[in-house]
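Data first, discussion second: the structure below is written as structure tokens.
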Number of protein chains: 2
Amino acid sequence: MSRAYKPDETRRQILEAAYGVIHRHGFQAAGLTDILALTGVTKGAMYHHFPNKMALGYAVVDEMVKDYLEDWWLAPLEVEGDDDPLAAIARTIQNNMTGRVPDIHLLGCPLNNLAQEMSPIDGGFRQRVEELYRAWRRRLSRALTRGQHSGKVNATADTDEAATLIVAAIQGAFSQTKSAQSMAPFHDCMAGLNRYLMGLRP
Amino acid sequence: MSRAYKPDETRRQILEAAYGVIHRHGFQAAGLTDILALTGVTKGAMYHHFPNKMALGYAVVDEMVKDYLEDWWLAPLEVEGDDDPLAAIARTIQNNMTGRVPDIHLLGCPLNNLAQEMSPIDGGFRQRVEELYRAWRRRLSRALTRGQHSGKVNATADTDEAATLIVAAIQGAFSQTKSAQSMAPFHDCMAGLNRYLMGLRP
DNA sequence: GTAAATTCATACTCCCCGGTATGTCCCGCG
DNA sequence: CGCGGGACATACCGGGGAGTATGAATTTAC
């Protein structure tokens, strides 16, 4: 018969439930009771896998949010044999608007949400979130530099500057979308960002 | 002699203290005790002026955050006899980077902070925050339209789209700045935004 | 000048929620 | 086979923060 104890699966369930609840309500407003009720796992099991709520939050950033960022925003920038980062960025944006669960963007960006809420309160969160932001900017910047070498991006453009603005536009789009509870600002913003990207052509 | 009871001044003190604490720690993490300790006002006085913590938060948005937005981001767009909105926007950005208390931006944008934290949790917050966002976009959009009429802005540009992107870039700049605890992303982002604005010239 | 309403102070209540203590069950290992 | 440690369950604790009850001081109204 199937095993009764599956510790890593249990840990995984907790992480995913926590990721969902935190995405919806924020870290502070996310009650352990809510998370546990969502999984069927009990508090004892949860405190066996994580020493406290903070550690659970850290794990959510380190594992879940990091994966989200990688899968939806970073990996698409570096598909094999692609030397046109501007097209890749536009494709990534398009992919995010159409490829995901509809209205998931109304909840905001998992990274930006946590950054806003937790960075000023807790150093551990701040450090982890900042690491993800830096990775995002660096990967974007490098992609743009490669584009400059292949002649697809204006050689005079400051790639760090452009990377920061692109990240900011995406974060800001999420932010407005969340408050508006409508995708309209998101679409407007991505259209504007596309226009900006055109301006980076040689 | 001076009066002992000054209700509107008391109310004002509470609002300003609440605004500061909420700006630093967020609404949920802001304890009434902290706010009151900062003012010397007691809990009884506070609950006389505001029915509960939510109402206090609403008042902070309606009065303090609204004023902040008006003073630092909206009014500078509409100085008398100015027909060049792109220059006005660049000036507003510059004004925000130099004219305020240093490192105030490390705390994030008061509006964006509340938007991120409270919009998904409470409808009252969401509605108020969204109203401010809409006002911001509209005022920007109208300024750009005026610029089109005076020939200072490319007539083919979509002003709503541009307004949304500008707001997004500013919000995103704040967000990254807050996590980085460094003004570098803010400066990069504003430089990139300026480059985008150049692209809106006829 | 006095009653009524407003403004503020103090002490207390209540409850939610993170955290703990303790016990049981299961699995691996000799 | 049994024993020791890992995996999970249940019940309880304690603190902190929002909210309240009550009363005193002050201003206003008539």
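Residue numbering restarts at 1 for every chain, and letters A, B, ... go by the order of the sequence lines.
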note: B:L32, atom CG; C:dC12, atom P; distance rounded to Å ~ 20 Å
Members of residues 47-54 of chain A that approach DNA chain C, where some heavy atom sits under 4.0 Å away: A:Y47, A:N52, A:K53
Please tabulate, one pair per line, each protein N/O and nucleotide N/O from nucleotides 12-14 of chain D that are separated by under 3.5 Å, including the distance.
none

Here the distance between atom P of C:dC8 and atom CG of B:L36, to the nearest Å, is 13 Å
Tell me, yes or no, whether the heavy-atom count around B:M198 atom CE, taken from other residues, nucleotides or ligands under 6.0 Å, exceeds 12. no
Compare side-chain N and O positions of A:T10 against OP1 and OP2 of D:dC8 and report whether any pair is under 4.0 Å apart. yes
Counting any heavy atom closer than 4.0 Å, what does B:G31 reach on the DNA or RNA strands: base, sugar-phosphate only, or nothing? sugar-phosphate
Rounded to the nearest 0.5 Å, how far apart are CG of B:N52 and CE of B:M46? 7.5 Å
In whole Å, I'd like the distance from the CZ atom of A:R11 to the P atom of D:dG6. 16 Å
In whole angstrom, give the distance that lies between atom CE of B:M46 and atom C1' of D:dA18. 9 Å
B:H105 vs B:F186 aromatic rings, parallel, tilted or perpendicular, using cut-offs 30° and 60°? tilted
B:K6 NZ to D:dT28 C1': how many Å, rounded? 18 Å
For the side chain of A:Y5, counting heavy atoms from C-beta on, which of D:dA18, C:dC25, C:dC8 is nearest? C:dC25
So which protein nitrogen or oxygen atoms get under 3.5 Å of nucleotides 2-5 of chain C's nitrogens or oxygens?
none

Counting neighbours of CZ on A:R24 that are heavy atoms of other residues, nucleotides or ligands and sit closer than 6.0 Å, is the number greater than 12? no
Checking B:K178 against B:N112 for the side chain to side chain donor-acceptor pair (under 3.5 Å) test, could you report, in this order, the C-alpha distance in whole Å, the side-chain angles of both residues, the deciding distance, and whether it holds? CA-CA 11 Å; B:K178 195 162 121 181; B:N112 193 28; over 6 Å; no
Can you say whether the rings of B:W73 and B:F174 are parallel (under 30°), tilted (30 to 60°) or perpendicular (over 60°)? perpendicular
Separation of B:D8 atom CG from C:dT6 atom P, in whole Å? 15 Å
Exceeds 12 heavy-atom contacts within 6.0 angstrom, atom CD of B:E131: no
Go through B:Q13 and B:H49 one step at a time and tell me if the side chain to side chain contact (heavy atoms under 4.5 Å, CB included) criterion holds. CA-CA 11 Å; B:Q13 282 179 5; B:H49 287 280; over 6 Å; no
Just the rounded figure in Å: distance from P of C:dT6 to CZ of B:R3. 15 Å
d(CD, A:Q28; P, C:dC16) in whole Å: 19 Å
Rounded distance (nearest 0.5 Å) linking atom OG1 of B:T39 with atom CZ of B:R12: 14.0 Å
Would you classify A:A30 as touching base, sugar-phosphate or nothing, given that sugar-phosphate means primed atoms plus P, OP1 and OP2, and contacts are heavy atoms under 4.0 Å? sugar-phosphate
Around atom CZ of A:R139, are there more than 12 heavy atoms from other residues, nucleotides or ligands closer than 6.0 Å? yes
